[in-house]
Amino acid sequence: MMEQNLTTVKLRPLGQSSLSVSPLGLGCWQFSRGKGLVGSYWSNLNEGDILEIVRVSLEGGMNWVDTAEVYGGGKSEEALAQVLDELRQEGSPQAAPLIATKWWPLFRTAGSITSTIEERIGCLGGRTIDLYQIHQPFSLSTIAQEMKAMAGLVKAGKIRYVGVSNYSAKQMVAAHRLLQQDGLTLVSNQVKYNLLDRAIDRNGILEAAKEHGISIIAYSPLQQGLLTGRFHHDPAQIQALTRSRRLMSGLNEKSLARSRPLIEALDALGRKYNATSGQIALNWLIHYHGDTVVAIPGASKVRHAEENIGAMTFQLTADELEQLNEASWAAVK
């Protein structure tokens, strides 16, 4: 594993905002404490593990975290706030990262954005919400109504910037133009993107994001661990996963065979850079499209956090980035 070097982590702008973020932020879905339909995807991490994961991530150079209301019904936000309080009490200079969280829209109206904001702030221990995102586009209100509510929160000082998640290119651009009517811009669209999922390259999301200065926040950047090569090298590990995770990750013999050449390319570059395959995959993600794409890998163990921050301490060459791009397309076709 590469040595960590905080000084090599260069911050970049998030969309057209004043937020400067590390190329990788810490995804906090796994802090859901195993609660709720969404949170039960992960086992329950104890407070000590969460503390060390957050500590290693922030001290290693990440300066932002991403969570959501639906992650355990606020349990992830609460767990994050608790460990940040502990870090602050310890006097850690990294105890105040930028915070992104999300409102869950399903079966709700835009009025809920306003009526539940104090609950979100409360779960986060009274912290400022730097980026507030609509978690997905399906609700009982229109995009116009939701953007008006979000703009109202900005003007009221409840949040700093507005983002969305899982929006199509058309929905993303519509949200951006609606916010412009209030003198704001859409900062980001959080979508699934990695070397084994190139949907946003095909459906216009990435192109539109670049055109309008909107950042892409890539979730599932390692395809639920598939891009680390662990399941290719030891297929028996698949059986230890929950059934839902196996299904969502596409972990089967066919997918392993199709992606094996890509994993071999990642392994080869890993040997050159003294890095893991996962670190190479993350490095491609945060550099291939310039500053447009940032990513939020999760970490359920301290060593995962160490690997994540190590991915920001080097940069693949242009030829290597293109080599992986070609291997990626061969794997997803």
For [Y], is there any backbone N or O sitting under 3.5 Å from a side-chain donor or acceptor partner on [X]?
X	Y	answer
S92	L87	no
H135	W103	no
S139	P105	no
R258	A330	no
S22	G25	no
S328	L195	yes
Q30	A299	yes
E207	G204	no
N308	G298	yes
H304	K301	yes

Does a donor on one side chain sit under 3.5 Å from an acceptor on the other, for [X] and [Y]?
X	Y	result
E322	N325	yes
Q94	N63	no
Y288	N283	no
N46	D49	yes
Q133	N189	no
Y132	K158	no
Y193	S220	no
S76	T67	yes
T142	E146	no

I'd like to check [X] versus [Y] (side-chain heavy atoms, cut-off strictly below 4.5 Å). Are they in contact?
X	Y	value
E307	P297	no
Q223	K192	yes
W64	V294	yes
I216	H289	no
H212	R177	yes
L269	E320	yes
I143	Y167	yes
S141	T109	yes

How long is the gap from [atom1] on [X] to [atom2] on [Y], to the nearest 0.5 Å?
X	Y	atom1	atom2	result
D197	Q224	CG	CD	11.0 Å
L227	L324	CG	CG	10.0 Å
L84	L124	CG	CG	9.0 Å
Q279	L222	CD	CG	10.0 Å

Any salt bridge between [X] and [Y], counting N to O under 4.0 Å?
X	Y	value
E52	R55	yes
E69	R108	yes
K10	D291	no

Give me the atom names and distance for the closest heavy-atom approach of [X] to [Y].
X	Y	answer
V164	A175	CG1-CB, 4.5 Å
V293	A218	CG1-CB, 4.1 Å
V9	G61	CG1-O, 3.6 Å
L19	D130	CD1-O, 3.9 Å
A79	F31	CB-O, 4.0 Å
I286	L24	CG2-CD2, 3.7 Å

Could you see if [X] belongs to whatever hydrophobic cluster contains [Y]? Use Ile, Leu, Val, Met, Phe, Trp, Tyr and a side-chain cutoff under 4.5 Å.
X	Y	value
I200	L186	yes
V173	L184	no
L106	W29	yes

* **Stacked cation flag R198 on W329, 6.0 angstrom / 45 deg** => yes
* To do: Give the intermediate values and the outcome of side chain to side chain contact (heavy atoms under 4.5 Å, CB included) for residues R160 and V154.
  => CA-CA 6 Å; R160 294 180 65 191; V154 174; over 6 Å; no
* Do V56 and I309 pass the side chain to side chain contact (heavy atoms under 4.5 Å, CB included) test, and can you show the C-alpha distance, the side-chain angles, and the key distance before you say yes or no? -> CA-CA 9 Å; V56 167; I309 61 178; 4.2 Å; yes
